[in-house]
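Note sheet for the following structure.
Residue numbers start from 1 in every chain, and the chains themselves are labelled A, B, ... in the order their sequence lines are given, proteins ahead of strands. This is a predicted model, so every value here is computed, not measured.
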Amino acid sequence: MRIAAPAALLPDKASETPAAVATVTTLPGHTLEVVSDSGEGAQRCAQIFGTVSAKMGNGIWTVEIIPAEIQPPPRHPTSASGNRVRIGTGAVTNWGDAADLIVAFNEQALLQRFRLGALADDAIILIEDMWATHADPQIRNAWDDAMEELGGRSFRFINVPMEEQCLTIVDNARLGKNMFALGLLTCIYGRDLDLVRDAIAQGFLKKAKSALQTNLDLFELGHRWAEQHIDFRIAVPAVKPDRAMVAMNGNQAIALGSIAAGMELCAMYPITPATSASHYLSDVFEKFGGIVHQAEDEIAAIGVALGSSFAGKVAFTITSGPGLALKTEFIALAIMTETPLVLVDVQRGGPSTGLPTKVEQSDLLAALYGQPGDAPHVVMAPATMEECFLCMTTARRIAEALRTVVIVLSDANLASGVQRFPRPEPSEHWLAQPLDLAPVRDGLRPYDWDPQRGVSPRIVPGQPGGMFTATGLSHDEASHVGYTPDVHERGCQMRSRKLALFQQMLEPPAVNGDPTGDLLVVGWGSTLGAIEEAVERARQEGLSVSSLHLRFLSPLEPGLKEIFQRFGKVMTIEINYSDDPTDPFFTSENRRRGQLCWLLRAHTLVDVDCWTRVPGEPLRPGQILQAIRESMPQGGSR
Amino acid sequence: MPSDGRFGPAFDGFQAPLSAFRSLLVNTGEEVRAMLLGRRSTLESRAARVAAELGPLAAGRIDPERFATLVFDHQDADPAAAEILERALDVLTDLADRGERLSLVQVSAGGNLYDAVARALGEIGRAFSAARAILEIRSGRHGGDDGGVGPLPFGRWTKAERRLAPPLVVRVHGSDLRPAALAEFLDGRQKIILAVEGQCVPAPLARFITPGTYVLQTADGSGIDRFAAWEGPGIAALVPESAAFFEHDPAAGAAPWERITITHLPEKLPRRTLAGLSARQQAEEIDLLRSLATRPAGVESVAGAPTPAPAAKKKDDPADKLAAWLLSRVDLSNLG
């Protein structure tokens, strides 16, 4: 039995209404998704759409929808690959709640998005309709089943004969539907045609002109088809920015930020989702005198970075959770030898190899406490793509000033999502000062700790009079191995003291919203935009909620206890696991909490609660809003 | 003065080392200027600099004034050290401003060639005095003395400094050309070019011929380019047509006759004393030159023998020893 598309699927084939009578709806923002099987180019389509929107002056935030496997089976719900693009008239800080419009190359990819709650209740669905009449009865049945599951809702279906149309230009439509879809979207959202054409051309710089022309033809075909068959248009007005803007993802931002920060060496071993940062870097680093070194493994990578830094170079290493685990010993060595080192951890789902392509914030405690022994160091977390760029400069300077390790915690959401932000204006001050190779002062020892500050002047190889044996063993000021209690105690004291000193240099974090209230939501990393949007919506509902977002996790920013005490309740929002307190298995004694929650409870002795999820995707503001509503203290104001 | 016809060929070949030395002066001066700026800076300006170094992400999150206490060394505040740095900067600026004139020496009529060269090198040595003073301060060894940045005689130059100094071009009258004492300045990469005016003895530089020293006598400047390219010490003279023309290139062979090329010898022997040398002494210099350039009868060519070069490593060079040991560890000659 063949099941027709739901009743809301009107018209069955797209309307023949010409463009002249299309209804234009003007909105402050809209969210769309393009999904296909892996390899059909949905990501490319959405990336171009996002980039062009940013160039036109719209705020954007994109999130990649990536299957876990490299070559997943076709037409399977878990194989959906694509992008969500949220565009707005103003700045866009997160991926939103649900897609208002989706272009699906098959019904299985659409089904996966539906099952994940990614579609708005009244979403417009543009779907390739070839599967409904496919020769393979199994495929037809799968289509029918999907339509039945999707039925009975307020979706508006528009069947699009992508295959049929594309075959008028190419023999293999699978390689052309993405450009056709781009044409559809360009027409619906009124994107600048020339900008789109330029963006397509950018992707074919190294390919034959005929390939570019074919793709342009497919794009024009999609645009014409939409003009003739789609009866609505969506206008998201763009505001011309008063300054130059850029749009990039967090990994690009880290790569470019490392250049701006005067980094000289990136030593890495490929690992999702960190690898692309080194790809971007390897394209341009040499022009700035830098080197990307792909080592034989994670341990070697940090070893090269550590050795380079010891020799006076400005080096960093980049990895993800499993790599962080492997680098543990060398992180501790860097801390013990007081060698400046920046380590970027682009977090993914864990433990073990976990969810390589999915976002999670579950490396926090490992980054903070993962090293055996007492190994104090700095941990910081950028919250936006712009901060990914800027944090490299800050991290490098802190690492050098404190002679310690700075771990930068990014995540898969920041790494692969694209955001528009003001073009950074690099300063020569961000670059590393030339090394002073003057002979070391008479009597200066390699760890001549200032007892008040815990820091000591850095000596690099080549400085006359500065030769010493660096050791990971407990040592005294002269780097002589010493196992006596006083030597070890003093070393631990000094390494800790400089962190305490640095903590005193930090400013208390700013509170978003009223300084007092019923609920304070605390977050870190990429959840900033979703949390602040949720808080804003909660405040519009009359709830007394504020938020606070931490950038420094070690040492923690000061004044937290005092801030927390001004609120009836404090709750962290995190993308890591915590036990559900309503689950009868868990009590207040055995309940495992979110990682930031643990940290804040330990540091402030305040009864901080948490709301955490591990969905393998960014948190949605609507989810957070619901958590806020449910977490309001009894008697909370409305 | 450098545009003077006699100096043209000399300076033309030496633009690279002259520019390099001037760059050294300018760059060091910039470093000192930056050091002074840091020492003179107020807490506010230090904080501003630290804030700039930390970047925009730190704005409002890290107190730059407090962070500045981590970055700036308190020893920087020593006023005596700052004064020495000021003087060092003045010296470096002065020497850099002189340009080619720093390498130009004029021996006044009846003057002493040795004294003039020693004085000029001592003046160049002020750069090294300044650099040493700066190093002392940067390394915290400044002992409260005046950190002298005055002339530094060549005899007190280090091995490295002797390789850095620019060449000297000395204009001297033939009657004052008594170069023998200049031998003590021929070390490192130091080069001296004598632009001789008027008549001079026929082979005034013959006595300088030693295995590692480039010696050149020319009337038209030919050979100056090779002389300039030599990595070791050298002395050249732009002499009148009446003198001998020859070139001693240390890299040209192991034996003196392989290294020396005589292109011209005066037809008439000297008959009168000049520049303190009797006619006989002058003739002996020509004989010395001729004999050194002549292969002894019955002696085979030593072509292929190792060429001595000043930069050549001695057998007991630690690096050679290490390399030999490493090779011995991997020597496979006894295997199978």
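- Remark: A:F288 engages A:I259, A:V284 in a side-chain contact (heavy atoms from CB on, under 4.5 Å) (not counting sequence neighbours).
- Scanning both residues, A:I398 and B:F67, for their nearest heavy atoms gives CA-CZ, 4.1 Å.
- A 6.0 Å sphere centred on CD of B:E83 holds no more than 12 heavy atoms belonging to other residues, nucleotides or ligands.
- Side-chain atoms of A:T394 never come within 3.5 Å of backbone atoms of B:G55 as a donor-acceptor pair (strictly under, hydrogens ignored).
- Heavy atoms closer than 4.5 Å to chain B are found nowhere in A:M392, neither backbone nor side chain.
- Side-chain contact between B:L70 and A:L501 is present, with at least one heavy-atom pair separated by less than 4.5 Å.
- Panel note: side chain B:R66, backbone A:Q504; a donor-acceptor pair is recorded below 3.5 Å.
- Taking CZ of A:R441 as the reference point, atom CD of B:E136 lies at 13.0 Å (rounded to 0.5 Å).
- Looking at heavy atoms from C-beta onward, B:L57 lies out of side-chain contact with A:T393 at the 4.5 angstrom threshold.
- In this structure, A:E507 and B:D63 have side chains that are in contact, with non-hydrogen atoms separated by less than 4.5 Å.
- Residue A:F389 does not touch chain B at all, counting heavy-atom pairs closer than 4.5 Å.
- Looking at A:R551, only its side chain comes within 4.5 Å of chain B, counting heavy atoms on both sides.
- Heavy atoms of A:L431 lying under 4.5 Å from chain B are absent altogether.
- Between B:P56 and A:W430 the shortest side-chain heavy-atom distance falls below 4.5 Å.
- Note: A:M505 leads A:K498, A:M505, A:E387, A:E386 in heavy-atom pairs under 4.5 Å with chain B.
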